[in-house]
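Predicted model only: the values in this text are computed from it and were never measured. Quick note: numbers below take in every heavy atom, side chains included, and nothing from hydrogens, waters or symmetry partners. Residues take their numbers from the sequence shown, with the count starting at 1.
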Amino acid sequence: GTVLTASIFGLMAFSTHLTLSHLCLAKQTPWPLLGANLCATLGLLIGIYLGAHYGALGTAIAFGINETVWCLAGFYFLFRNSPFIPHADLIGILRLILVGLAIITVASLLKYLFAIEPILIAIVLALPLAFGVCRCGVFSSQEGKWLMAVLPLGHKLPLVLKFRSDSAAA
């Protein structure tokens, strides 16, 4: 469970890594990618050290650190001389993290207090996780409009999802 959780945090940073890579491809600028890759080579040393001392968990943590360093360096090199400043939906990200932490807390309590099998916990908590993501206003109204436009049956999404008004985005 712990290795998988650490790996998932690394994969979240990796998805940002891929987005920045695609942005560089679209702008036809390879230099930010090169700079980020050079900065992220530090992750190899961290990975070797943590892997040797903590096994799979250390390797998963090193993966997350490496991807985070790559993303920070990628943002720096890509936007340092640019008039375009990227915008992050911090409220949506915070709400998503809070829903995830609540589910992790409940899962840990179920596991340790009642000795329930992890697969049963995952099955039981899948619905509250989906409900939390859908009803806590993780998506902005702009994201909602986009989802409704591209998904089949997208016009039905407001029945399931709650979208934040644009004034609530930070």
key: side-chain hydrogen bond (donor to acceptor under 3.5 Å, both in side chains): pairs with one or both residues in residues 6-16, sequence neighbours excluded   = none
message = Filter on side-chain hydrogen bond (donor to acceptor under 3.5 Å, both in side chains), then keep only pairs touching residues 41-50, sequence neighbours left out; what's left?
response = none
query = How long is the span from the CG atom in Leu42 to the CD1 atom in Ile65, to the nearest 0.5 Å?
reply = 9.0 Å
message = Would you compute the distance between atom CG of Leu50 and atom CG of Leu57 and round it to the nearest 0.5 angstrom?
response = 8.5 Å
Are [X] and [Y] connected, step by step, through hydrophobic side chains (Ile, Leu, Val, Met, Phe, Trp, Tyr) whose heavy atoms are closer than 4.5 Å?
X	Y	answer
Leu113	Leu110	yes
Leu23	Leu33	yes
Tyr54	Ile61	yes
Leu18	Leu20	no

query = Got a sec, which residues hit ring-ring contact (aromatic ring centres under 6.0 Å, His included) with Phe14, two or more places apart in sequence or on another chain?
reply = His17
Return a table of donor-acceptor pairs under 3.5 angstrom between the side chains of residues 68-80 and protein atoms on other chains or two or more places apart.
residue	atom	partner	partner atom	Å
Thr68	OG1	Gly64	O	2.8
Trp70	NE1	Asn37	OD1	2.7

query = Other hydrophobic cluster members with Trp31, side-chain heavy atoms of Ile/Leu/Val/Met/Phe/Trp/Tyr under 4.5 Å, chained?
reply = Leu34, Leu38
request  = Would you check if Leu11 and Phe63 make a side-chain contact, meaning some heavy-atom pair closer than 4.5 Å?
outcome  = yes
remark   = Residues at least two apart in sequence or cross-chain that pass side chain to side chain contact (heavy atoms under 4.5 Å, CB included) with Leu25, listed by chain then number, are His22
